[in-house]
Amino acid sequence: MARRSTQQLVLKPQDLYVLLALLTSAENGPTYARLAERTGLAASAVHASLKRAVLAGLAVIREGRPSILRPQLKEFVLGGAKYAFPAVLGRVGRGVPTAYAAEPLKSVITPSTDPIPVWAHRNGKARGVSLAPLYPTIPEAAPRDADLYAVLSLFDAYRSGQARERAAAQKLLEKYFGGSA
């Protein structure tokens, strides 16, 4: 049996979700409870996610409040997250638009005749091909928060789109990280 000190750290999809919620937070160092409310996760799940993010060097905790390390998170999101959390497409159905079918890319990318990407959701207003969200609570929580919805949709375009969509998504994501590549 492996000793705890030799176990490999593994980031989970909800860790990136929490980090993106923290990135788009209007509050400086929001509470765990506030992040839980924004993401639809339990406060204990937010705490566990941030603990893994700190160990991975993507966040820090200052005076009991979480804070992201922007350069490191940017490097991870634009350099490796699409490989760690690849796009998983499913069947056509109802859901919440994502990737190029949601703002801010919706105004930039001219849609094709193909079905749009959606996060499958029973209350979804759009019909399209399902794209698995990073975490199951995203289709419910993200549309209530415009900035979080935009970043999650941009990440979906970055991990699932064609070259033009990926380039446009990267350019728009840069603004959230505070600069260009």
Asks: Give a yes or no answer on whether the side chain of Tyr100 reaches the backbone of Gly161 with a donor-acceptor pair at less than 3.5 Å.
Replies: no
Asks: For the CG atom on Asp114, are there more than 12 heavy atoms of other groups (residues, nucleotides or ligands in this structure) within a distance under 6.0 Å?
Replies: yes
Asks: Tell me, do Arg122 and Arg94 make a side-chain contact under 4.5 Å, heavy atoms counted?
Replies: no
Asks: So how far is it from Arg164 CZ to Thr110 OG1, rounded to the nearest 0.5 Å?
Replies: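 Answer for the CZ-OG1 pair, Arg164 versus Thr110, is 5.5 Å.
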Asks: Give the minimum heavy-atom separation between Ala84 and Phe76, together with the two atoms involved.
Replies: CB-CZ, 4.5 Å
Asks: Would you say Val118 and Leu131 make side-chain contact, with heavy atoms under 4.5 Å?
Replies: no
Asks: Return the minimal non-hydrogen interatomic distance between Thr39 and Thr137, and the atom names on each side.
Replies: O-OG1, 2.7 Å
Asks: Applying the 4.5 Å side-chain criterion to the ILVMFWY set and letting contacts propagate, would Leu11 and Val88 be lumped into a single cluster?
Replies: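 No; Val88 is not reachable from Leu11 via cluster members.
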Asks: For residues Glu103 and Lys106, report the shortest heavy-atom separation together with the two atoms involved.
Replies: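 Here Glu103 and Lys106 meet closest at OE2-CB, 3.6 Å.
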Asks: With a 3.5 Å distance limit and no angle check, can you tell me whether Glu165 reaches the backbone of Gln162 through a side-chain donor-acceptor pair?
Replies: yes
Asks: If I take atom CD1 from residue Ile116 and atom OG1 from residue Thr98, how far apart are they, to the nearest 0.5 angstrom?
Replies: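 Reported to 0.5 Å precision, the distance equals 9.5 Å.
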Asks: List the steps, then state whether side chain to side chain contact (heavy atoms under 4.5 Å, CB included) holds for Leu134 with Gln14.
Replies: CA-CA 7 Å; Leu134 278 175; Gln14 65 262 34; over 6 Å; no
Asks: Do Pro104 and Leu154 have side chains that approach each other closer than 4.5 Å (heavy atoms only, starting at C-beta)?
Replies: yes
Asks: Looking at Val92, is its backbone amide N or carbonyl O close enough to the side chain of Arg127 to form a donor-acceptor pair, meaning the two atoms are under 3.5 Å apart?
Replies: no
Asks: Under 6.0 Å between ring centres: does that hold for Tyr149 and Trp119?
Replies: yes
Asks: Is there a donor-acceptor pair closer than 3.5 Å between any side-chain N or O of Ser25 and the backbone N or O of Ala21?
Replies: no
Asks: Tell me whether Arg91 contacts the main-chain N or O of Val129 through its side chain, where contact means a donor paired with an acceptor under 3.5 Å.
Replies: no
Asks: For Ala59 and Leu19, work out which heavy atoms get closest and say how close.
Replies: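 For Ala59 versus Leu19, the nearest heavy atoms are CB-CD2, 3.9 Å.
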Asks: Only one of Thr24, Asp156, Asp145, Val77 clears side-chain contact (heavy atoms from CB on, under 4.5 Å) with Val151; which?
Replies: Thr24
Asks: Using side-chain heavy atoms (C-beta onward) and a distance below 4.5 Å, is Ser130 in contact with Leu89?
Replies: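 No; the side chains remain at least 4.5 Å from each other.
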Asks: Going by heavy atoms in the side chains, are Tyr17 and Leu148 under 4.5 Å from each other?
Replies: yes
Asks: If I take atom OG from residue Ser49 and atom CG from residue Leu58, how far apart are they, to the nearest 0.5 angstrom?
Replies: 11.5 Å
Asks: What's the verdict on side chain to side chain contact (heavy atoms under 4.5 Å, CB included) for Tyr176 and Asp147, showing C-alpha distance, side-chain angles and the deciding distance?
Replies: CA-CA 9 Å; Tyr176 289 94; Asp147 283 334; 3.8 Å; yes
Asks: How long is the gap from CG on Leu22 to CG on Leu16, to the nearest 0.5 Å?
Replies: 11.5 Å
Asks: What verdict does the side chain to side chain contact (heavy atoms under 4.5 Å, CB included) test give for Leu78 and Glu174, after you've listed the backbone C-alpha separation in whole Å, the side-chain angles of each residue and the deciding distance to 0.1 Å?
Replies: CA-CA 9 Å; Leu78 299 178; Glu174 302 268 347; 3.6 Å; yes
Asks: Between Arg159 (side chain only) and Lys82 (backbone N and O only), is there a donor and an acceptor less than 3.5 Å apart?
Replies: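 Here the side-chain-to-backbone pair does not exist.
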Asks: Nearest 0.5 Å please: distance from the CZ atom of Phe177 over to the CZ atom of Arg70.
Replies: 8.0 Å
Asks: Please determine if Arg34 and Glu37 form a salt bridge, counting it only when a charged side-chain N lies under 4.0 Å from a carboxylate O.
Replies: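 A salt bridge is present here (some side-chain N lies under 4.0 Å from a carboxylate O).
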Asks: Has Gln72 got more than 12 heavy atoms of other residues, nucleotides or ligands less than 6.0 Å from its CD?
Replies: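 Check passes, neighbour count above 12.
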Asks: Report yes if the side chains of Leu152 and Pro133 come closer than 4.5 Å at any heavy-atom pair, otherwise no.
Replies: no
Asks: So do Pro117 and Pro97 actually touch side chain to side chain, heavy atoms under 4.5 Å?
Replies: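 No, every pair of side-chain atoms sits at 4.5 Å or beyond.
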Asks: What's the separation between atom OH in Tyr32 and atom CG in Leu50, rounded to the nearest 0.5 Å?
Replies: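 If I round to the nearest 0.5 Å, the distance is 5.5 Å.
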Asks: Any side-chain heavy atom of Val60 within less than 4.5 Å of one from Leu69?
Replies: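 Contact flag for Val60/Leu69 side chains = yes.
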